[in-house]
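I have placed the structure first, in the form of C-alpha cells, so that the comments after it can refer back to it.
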Amino acid sequence: MNILDIISKVKHKQCLIKDEICFFIENYTNGNIPDYQMSSLLMAICLNSLTDCETYHLTMAMLESGKTIDLSGINGITIDKHSTGGVGDKTSLIIAPACAVCGVYVPKMSGRGLGHTGGTIDKLESIEGYRTSLEFEEFISIVNKTGFSIISQNENLCPADKKIYDLRNATGTVDSIPLIASSIMSKKLAVSADCILLDVKYGSGAFMKTRQEALKLAGLMESIGQMAGKKCRCDVTDMNSPLGMNVGNALEVREAVEILQGKNKGSLYNLCVQLTADMLELAGKGNNKECTEMAENAIDSGKALEKFRETIMLHGGNYKICDDVSLLPSAQYSYEVKAECDGIISEINSEEIGMTSLLLGAGRITKNQTLDMTAGIVFDCQKYDNVQKGDRIMTLYSSTISDFSEISRRALNSIKIM
Ligand code: URA
C-alpha cells in the first residue's frame, strides 16, 4: 500500500477500502506521509468527495489516532452538543446549565475561535479566573456536582484531526462535507457521551452557505453517529445574521447571563429553548412538548443561572458576574455606527460582522494571538427593523484599537438598509 496509489484512486473517483484510509491517517499522523502528499489527497477529496462508508471509516481512523474519554464516572445520562460554528453563538453557555437543571449531564469539551467564528473557550476565558484546562478527575467531579462543565479540547483526542485541520486551513480544503463531518464526528465520538446533539449552521456566517448543504452535512453526521452506536440528532439552524445582539467574548458572556437572568426573551432565547428541549428529548426526558416546558422552566426559574454560577465558582472564576455583568471586562474605546439612510434592515452579513469583531481584537489573525476580551459589537437593531438616518445601529468596542475610521466603514457595509 502506498500514498500515491491512494491519491490516484480518489483522483479517479474509485472507492478506498478501510485499510487504505487507516494507512494514510496513521502514516500522516506519525510523520511518514509529508504535508505535500496529504494536501494533494485532501484536495482530491474536496473535488471528488467520499462515499458515506468511506467517511465513516475516515472518522473512525481519526478517532483511533488518539485517546478517548471515559465518562463512566458520571452519575447519569450524558449529552454532548456541538455547533458547526457561527457568529455570536453563545448558546452553549445557556443550554449546558439548562440541561443540568433538568437532570441531564453535560461534560463538554469546546474549541477556540476559528476564522471569523467565535469559540466557547475564548468566551469563558473572559470571566476572570475561569480555568478552561482541568485535570480529568476535576472535570468529572464538577460535572457530578453541578451537572455540567466546559473545558478546552484535550490535545490527546484525535491528533490526526488536529494535524489535518491545520493543513486544511492552510490549503483551502476546509469546505468539504466528508472532511467536515469526519473532523467533527471523530472529536464528538472521542468524548463518548451517550447522546450527541449537533447544531448545523447555514448562511453567510457558517461554513455551509446553503440550507441544502447543511442538510446534507447533518444527514451524514447523524448516520456516522448512529453507525457508531450513539443517539445522535442534528438541528439545522440559520446563521445568515449574527445570533443575538452581542458579538465578542465578554460581550457574549454578558448577553448569556442576561438571558439566564430572564431579561431577554428574543430569538436567541427561543433557539436556546429549542436546542435544550431537543437535547432533553434525545436523552429520554419526555416528548418535545414536555421537554420544551422543562427547558423554559429551567431558564425562567433562575435555576440555570444558579447552575452557571456554581460551575463558574468551581472553575475558579468570578461567579459574581452572574449578579452583576458590569464585573466582566469592559472596553477602553467605543464607537457608535449610525444609519446613513431611512429604511428597513434587510441584511446583516454575519461573516462580515464576524470579521469586524475579529479585527477589533475579539478573534485571531495569527495562530497564537492574545485576544482582547473586551472587543466586539453590540447591536441596537436586528434584521427587518425600521431605522432612520442618524439612528445608532451598533456600537463597536475595543481596548486595542482607538481609531475606528476604517473598521466602522466595514461594519456599516455589512448592513443593508432598503
Ligand atoms: N469544525 C471542525 O471541528 N471541523 C471542521 O472541519 C469544521 C468545523
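Read the numbers this way: they start at 1 and go in the same order the structure lists the ligands and their atoms. Keep in mind that the numbers below use all heavy atoms, side chains included, and drop hydrogens, waters and symmetry copies.
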Legend entry - For ligand 1, the residues whose heavy atoms come within less than 4.0 Å (ordered by chain, then number): Y165, R168, I180, S183, I184, K187, F207

Inset, instruction - May I ask you to decide if K108's main-chain N or O and D80's side chain share a donor-acceptor pair within less than 3.5 Å? - result: no

Inset, instruction - Pick out which of Y130, F139, F308 makes a ring-ring contact (aromatic ring centres under 6.0 Å, His included) with H315. - result: Y130

Legend entry - Reported CD-to-CG distance for the pair E128 and N318, which is rounded to 0.5 angstrom: 5.5 Å

Legend entry - side chain to side chain contact (heavy atoms under 4.5 Å, CB included) partner of Y105, the single match among I79, I77, N144, T146: N144

Inset, instruction - Ignoring hydrogens and angles, state whether a donor on the side chain of N2 or D5 is under 3.5 Å from an acceptor on the partner side chain. - result: yes

Inset, instruction - Identify whether the distance between the nearest side-chain nitrogen and carboxylate oxygen of R233 and D278 falls below 4.0 Å. - result: yes

